[in-house]
Each structure stands twice: as structure tokens, then as C-alpha cells.
Amino acid sequence: QVRLVESGGGLVQPGGSLRLSCAATDASISPYNSGWFRQAPGKEREFVAAITWNNDTTSYADSLQGRFAIIKDNAKNTVYLQMNNLSPEDTAVYYCNAGGYFRAGYYRQGNYWGQGTQVAVSS
């Protein structure tokens, strides 16, 4: 089984950027579709982005308006989430996920989750 460890969260000012990392250990992440989700205080967990196992297709939440990018580096066994032009509404705990079903732009979460990394956007 693959174990996922997120890093890269922190406090950033509005308009700033962060890159989150999701390192896979104990097994290769190469065979897995992967995604990112987030959960803001008092809200349900929501989909952010996903990528197919072979990097040929990505999908994003409509609300992101092209500000985020998901990258999967199979050689480094890591999935990244590049976040640009951050706003306070992006404040949340961000979770990495792997092993999900991905078809026609739709990603259903898989069984593998990381522990989450906190992102806070504030001036």
C-alpha cells in the first residue's frame, strides 16, 4: 500500500503562491490516479484537482479559475499542487489522495489519503 505525506503548507499573503508536495512512500505512486482535496473550517471536504496515473489528463474545480496546477512526477514519486494568486477563500487543510477513479474529467476519491497540510491566506 502507498502512504502519502503532504508538505509545503503555511501562511501566505493574498496574491501569493505556494507549492504543496505529496510524497508517496512504501510503494510507487506511478500506477495511481491522484488528486487534491481541501477542507475549510466548518465546511465539507471538496475536490480541488486530479491527474491521471500517466499524466495525460487533469481536472480542476471550476471555482479555481486556472490558478492551480497539479503535477505528477513519477520519477520522484511525488504529486504537486502549484497554487497561485491565493485568496483568503483558499484557506483550508489540503489533502492528497491516490487510487481514485478518473474518467471524463471526473475524479472519485481513492482509498489512500495523506494527513493534510494547512494553508492559511491572510494579510
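Since the model is a prediction, treat every value here as computed from it, not as a measurement.
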Are any non-hydrogen side-chain atoms of [X] and [Y] less than 4.5 angstrom apart?
X      : Y      : answer
Asp90  : Met83  : no
Lys72  : Asn54  : no
Ile29  : Asn74  : yes
Leu20  : Glu6   : no
Val2   : Ser28  : no
Trp113 : Cys96  : no
Leu18  : Val121 : no
Leu11  : Ser122 : yes

Partner of Val48 under side chain to side chain contact (heavy atoms under 4.5 Å, CB included), picked from Phe68, Tyr60, Tyr95, is Phe68
Between the CZ atom in Arg103 and the CZ atom in Arg108, the distance rounded to the nearest 0.5 Å is 12.0 Å
Any side-chain to backbone donor/acceptor pair from [X] onto [Y]? Under 3.5 Å, distance only.
X     : Y     : value
Asn97 : Gly35 : no
Asp26 : Gln1  : no
Asn55 : Asp73 : no
Ser21 : Gly8  : no

Do Tyr94 and Tyr112 sit in one hydrophobic cluster, given that two such residues count as connected whenever their side-chain heavy atoms are within less than 4.5 Å of each other, even indirectly? yes
Ring geometry between Phe37 and Tyr107 (parallel below 30°, tilted from 30 to 60°, perpendicular above 60°): tilted
